[in-house]
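Notes to accompany the following structure.
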Number of protein chains: 2
Amino acid sequence: MAKHRPTIADVALAAGVSKGLVSFALNDRPGVSAMTRERILAAADELGWRPSLRARSLSTDRAFALGLVIARDPQIIAADPFFPALIAGIETALAPVGQALVLSMVVSEQAELASYRQLAAHDRVDGVIITDLRQDDPRLALALELGLQAVTLGHPDAPSPFPAVALDDDPGIRSTVDHLVGLGHRRIAHVAGPARMLHGSRRRNSFASALELRGLHGDLIVETDFSASDGARATAELLALADPPTAIVYSNDPMAIAGMGVAQRAGLHIPDDLSITGFDDSDVGQYLNPSLTTVTTAAQEWGRTAASALLRLIEGDDVADIELAPARLVIRGSSASPPPRTPATAR
Amino acid sequence: MAKHRPTIADVALAAGVSKGLVSFALNDRPGVSAMTRERILAAADELGWRPSLRARSLSTDRAFALGLVIARDPQIIAADPFFPALIAGIETALAPVGQALVLSMVVSEQAELASYRQLAAHDRVDGVIITDLRQDDPRLALALELGLQAVTLGHPDAPSPFPAVALDDDPGIRSTVDHLVGLGHRRIAHVAGPARMLHGSRRRNSFASALELRGLHGDLIVETDFSASDGARATAELLALADPPTAIVYSNDPMAIAGMGVAQRAGLHIPDDLSITGFDDSDVGQYLNPSLTTVTTAAQEWGRTAASALLRLIEGDDVADIELAPARLVIRGSSASPPPRTPATAR
DNA sequence: GCAATCTCCTAAACCGGTATAGTTTCACCT
DNA sequence: AGGTGAAACTATACCGGTTTAGGAGATTGC
C-alpha cells in the first residue's frame with residue numbers, strides 16, 4: 001500500500017473547497033476570502049502538500065530551470081577557476097527560489113549549438129546564461145529562434161536582444177600593464193586567449209592600448225586556446241625571440257603557471273629575469289614560488305547576478321544591462337623590475 | 001497568430017488515427033500494423049512533431065534527468081580537475097539519449113542534504129550520482145527515503161542499496177610509495193584529505209599500509225581540507241619538524257603545487273632536497289618546474305560509466321558494481337633520490 | 001423593490017502525453 | 001455455423017496542476 005504524495009485534490013477535499021480555489025489560494029490570487037485561504041493553507045500544510053512541479057510545468061508552460069552550456073575542453077575548464085565559481089554563484093540565486101540549473105558541457109561548437117537546441121526542444125529551461133561570447137556569436141540568434149530567454153556574460157559585439165551582465169576586464173589588464181611599466185619594463189608580451197572569444201580579444205586590445213598609451217609597442221602577442229599546454233608553447237616561443245620580453249601578461253592563471261615553469265626550466269629566475277602575471281586569481285597562485293601576480297574577478301558574484309537577472313527577465317520584467325565591479329590587479333611576487341641591462345646580443 | 005508546436009493530436013489527425021495509437025507507434029509497442037506505423041511516423045515527421053517531455057514527465061512519472069550535487073568550497077573545486085572531467089563524462093552518456101544533468105553546487109553539508117530533498121520534492125531527477133562519499137554517509141539513507149535511484153562513485157563503507165562505480169585509488173598510492181621507497185626515501189609524509197571523506201581516508205590507509213609493507217613508518221600524516229591553502233599549511237608544518245620528510249605524497253594536485261611553492265620558498269630544491277607527488281594529474285602539472293609526479297585517474301570515463309549505469313538502473317535493469325581501471329602513477333620531475341645524508345641536527 | 005455589481009466559490013476544460021478498457025474485424029477451429 | 005481468439009484500433013480516463021466560464025448570495029444603486 002504505497003502512500004502517494006498528496007495532490008491538490010486531497011487538499012481541496014480536506015479544506016472542503018474545489019481544486020481551483022486551492023490553486024488560487026496557493027498563488028495569492030484575489031477572489032479567495034481571508035478565512036478560506038487560511039483554511040486551505042492549513043490543510044495543505046497539514047497534509048504536507050507540495051504542488052507538483054511537473055504538473056505546473058505542463059499547465060503553465062514553464063520549466064522553472066535555467067540552462068548553462070559550457071563549450072570547452074574539459075582539460076581547460078579543469079584548470080580554470082572561473083566556472084566553478086560562476087556555477088556556485090548561479091546556485092546561490094536559484095536555490096532559494098526553487099529553480100534548478102541544467103548544465104551541459106560539450107567539446108565542439110557544433111555540439112554546443114545542438115545542446116541549446118536540445119534544451120529548447122525538450123523545454124528543459126526557460127532561459128540560458130550565455131558565457132564565453134564569441135565574435136558574431138551564433139547563439140544569440142539561436143536563442144531567439146528557439147524562444148529562449150537569455151542573458152549574456154559580457155557585452156556581445158553586436159546589438160543584442162538580451163541584457164548583458166558585464167564585468168569589465170579592461171581595468172585589470174590596464175593596471176597590470178601600468179604596474180609593469182611602472183616597474184621599468186619596456187618590452188612586455190601578452191599571451192592571449194583565442195581571438196574569436198570576445199574576452200580574449202578584449203583583453204588583448206586592452207593590453208595593446210595600455211602599452212601604446214605609454215608610448216610602447218603592444219604588438220608582442222601570442223594567441224592560445226587558453227590551455228596550460230598552449231600557454232607553455234607560447235612562453236617558449238616568446239623566450240626564443242632574439243629580443244625576448246622582460247614581462248609576460250597571461251590571459252589566465254593556468255597559462256601563467258605553465259609559463260612560469262617553462263621560464264624557470266629555461267634557467268630564468270622569476271621575477272628577476274622575467275615578470276609574469278596571470279588572470280583569474282586561482283587559489284594556488286598565492287602559494288607558488290614566487291606567488292603569482294594576477295587579476296581577480298568576482299566570478300561568483302557574476303553568476304549570482306546573471307542568474308537573478310535572467311529570472312527577472314523570465315518573469316517578464318524589463319532588465320537593463322548590468323555592470324559589475326571591474327577586474328582588479330593583485331600584486332604578488334611574480335612581478336618585479338626588469339634586469340638592469342638587456343644585452344642587445346641575445347641569442 | 002502564433003504557430004503552436006504540433007501535438008500528438010495533430011499527428012493523430014493527420015494520420016487519421018487516434019492519439020493512443022500514435023503513442024503506441026512512437027514507443028514501438030505491439031498492436032500497430034506495420035503499414036499504419038509507417039503512416040504515423042511519416043505524419044509525425046512531416047509535422048515536425050517532437051513529443052513534449054513535460055507531458056511525458058507528468059504521465060509517466062519520470063524526469064528524464066539525473067542529478068549531481070557537489071558540496072565543496074568553490075575555491076577547492078576550482079583547483080580540482082576532477083569535477084569538470086566527471087561532468088564532461090556524464091554528459092557524453094546523457095546527451096545521446098536526450099537526458100539532462102541537473103547540477104547543484106553547495107557549500108555546507110546542511111545545504112547538500114537540503115539540495116537532495118529539493119531535487120526529489122520537485123521531481124527534478126530520476127536518480128543521483130553520489131560523489132565524495134563520506135563515512136557513514138547520510139546521503140544513502142536519504143536517497144532511499146526520497147525514492148531516488150542512485151549510484152555511488154566508489155564503494156561506501158557500509159552495505160549499500162545502490163550499485164557502486166568504483167575506481168581504485170590504492171594502486172596509484174601504492175606505486176607512488178613504491179616509487180619513492182625505490183628511490184631511497186625512508187621518511188615519507190602524506191598530506192591527506194579529510195578523514196571523513198572515504199577517498200581521503202582510503203588514500204591515507206593505502207599510504208600507511210604500503211609503507212609498513214616496506215618496513216617503514218606510515219604515520220607521518222597531516223590532514224587537510226583538500227584546499228591549496230591547507231596544503232601549504234600542512235607542508236610548512238612538515239618542513240618545520242625536527243626530522244622532516246624527504247618526500248611528501250599529496251592527495252591532490254593543487255596541494256602538491258602549493259606545497260612545492262612553500263618548499264621552494266623555504267629554500268629547498270625540488271626534487272633534490274624534497275620529492276613531491278600529487279594526485280589527479282592536472283594539466284598544469286607537467287609544465288611546472290619541476291614537472292609534477294602524480295597519479296592519473298580516468299575521471300571522464302568514471303562519469304560516463306556512472307551515468308550510464310544509473311540510467312540502466314532507472315530503466316529497471318539490475319546493475320552490479322563496476323570496477324574501472326585503477327589509478328596509475330605518472331612519474332615526472334618532482335621525484336628523485338633523497339639527499340645523500342640527512343643531518344641528524346636539522347634546524 | 002429590483003436590477004446591477006461584486007465577492008466568493010464551483011465545475012469543467014485544458015496542458016500533452018500514456019494507459020487501459022472496450023470495440024471491430026477477421027482468421028481459425030471443430 | 002457458431003464460438004474463440006488474436007490483431008488493430010478507438011474512446012476515454014488519467015497524471016496534477018491552472019484557468020476560464022459561470023453561478024449563488026450579499027451588497028449597492030437609484
Side-chain angles (χ1 to χ4, degrees), chain A residues 2-41 43-44 47-64 98 120-124 126 147 315-316, chain B residues 2-41 43-44 47-64 98 120-124 126 147 315-316:
Chain A
K3 193 159 83 198
H4 273 220
R5 93 154 62 156
T7 76
I8 198 172
D10 299 323
V11 176
L13 194 65
V17 297
S18 69
K19 276 172 46 168
L21 204 63
V22 176
S23 176
F24 275 43
L26 177 76
N27 296 312
D28 282 322
R29 280 224 249 219
V32 187
S33 77
M35 224 190 65
T36 312
R37 176 186 313 271
E38 275 312 308
R39 192 152 42 88
I40 291 173
L41 295 183
L47 292 173
W49 174 67
R50 307 274 108 196
S52 149
L53 202 76
R54 283 177 189 154
R56 239 139 91 76
S57 232
L58 182 60
S59 58
T60 62
D61 204 40
R62 302 234 282 124
F64 305 103
H122 290 174
D123 293 321
R124 294 275 190 190
D126 300 314
E315 290 296 333
Chain B
K3 193 159 82 197
H4 273 219
R5 95 153 56 158
T7 75
I8 199 171
D10 299 322
V11 176
L13 194 65
V17 297
S18 69
K19 275 174 45 170
L21 204 62
V22 176
S23 177
F24 275 41
L26 177 76
N27 296 312
D28 282 325
R29 280 227 248 216
V32 187
S33 76
M35 226 190 63
T36 312
R37 177 188 311 271
E38 276 313 306
R39 193 152 42 87
I40 291 172
L41 294 183
L47 293 174
W49 173 67
R50 306 275 109 194
S52 150
L53 203 76
R54 283 176 190 158
R56 241 139 88 76
S57 236
L58 181 58
S59 59
T60 62
D61 203 39
R62 303 234 281 123
F64 303 103
H122 289 174
D123 292 321
R124 294 275 190 189
D126 300 314
E315 290 296 332

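Residue numbers start from 1 in every chain, and the chains themselves are labelled A, B, ... in the order their sequence lines are given, proteins ahead of strands.
Protein chain B touches strand DNA chain C; the 5'-most and 3'-most nucleotides with an atom under 4.0 angstrom of its non-hydrogen atoms are C/dG16 to C/dT20. Nucleotides of DNA chain D with any atom under 4.0 Å from a heavy atom of chain B span, from 5' to 3', D/dA8 to D/dG16.
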- Message: Show, in sequence, the C-alpha distance, side-chain angles and deciding distance for A/L53 and B/D123, and conclude whether the side chain to side chain contact (heavy atoms under 4.5 Å, CB included) test is met.
- Response: CA-CA 7 Å; A/L53 202 76; B/D123 292 321; 5.9 Å; no
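For A/S18, the side-chain contact (heavy atoms from CB on, under 4.5 Å) partners are A/L21, not counting sequence neighbours. The side chain to side chain donor-acceptor pair (under 3.5 Å) search around B/D126 returns none, not counting sequence neighbours. Listed by chain and number, the residues in a salt bridge (Lys or Arg N to Asp or Glu O under 4.0 Å) with A/R29 amount to none (sequence neighbours excluded). Residues satisfying the salt bridge (Lys or Arg N to Asp or Glu O under 4.0 Å) test with A/R39, not counting sequence neighbours, are none.
Taking OG of B/S33 as the start and CD1 of B/I40 as the end, the distance is 8.0 Å to the nearest 0.5 Å.
Without hydrogens or angle criteria, A/T36 side chain to A/V32 main chain gives no donor-acceptor distance under 3.5 Å.
Annotation: of the two residues near DNA chain C, A/K19 and A/F24, the 5′-most nearest-nucleotide partner is A/F24.
Applying the side chain to side chain donor-acceptor pair (under 3.5 Å) test to residues at least two apart or on different chains, the pairs with a partner in residues 47-56 of chain A are A/R54-B/D61. Every pair tested for salt bridge (charged side-chain N to carboxylate O under 4.0 Å, His left out) that includes a residue from residues 13-24 of chain A fails, sequence neighbours excluded, so the list is empty.
Note on A/V17: only backbone sugar-phosphate atoms sit closer than 4.0 angstrom, heavy atoms only; bases stay farther off. Within 4.0 Å of A/S23, counting heavy atoms only, lies at least one base atom of the nucleic acid. At the heavy-atom level, A/D61 lies nowhere under 4.0 Å from the strands shown.
Axis angle across the helix from C/dG1-D/dC30 to C/dT30-D/dA1, with five pairs used at each end and values rounded to 10°: 50°.
In this structure, B/R124 and A/A63 approach most closely via the heavy-atom pair NH1-O, 3.4 Å.
A heavy atom lying under 4.0 Å from DNA chain D marks the following residues of residues 28-37 of chain A, by number: A/R29. Within residues 47-59 of chain A, the residues approaching DNA chain C are A/L58, A/S59, by heavy-atom distance under 4.0 Å.
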Would you be so kind as to tabulate the donor-acceptor pairs closer than 3.5 Å made by side chains of residues 6-14 of chain A, with sequence neighbours excluded?
{"from": "A/T7", "atom 1": "OG1", "to": "A/A9", "atom 2": "N", "distance (Å)": "3.1"}
{"from": "A/D10", "atom 1": "OD2", "to": "A/T7", "atom 2": "N", "distance (Å)": "2.8"}

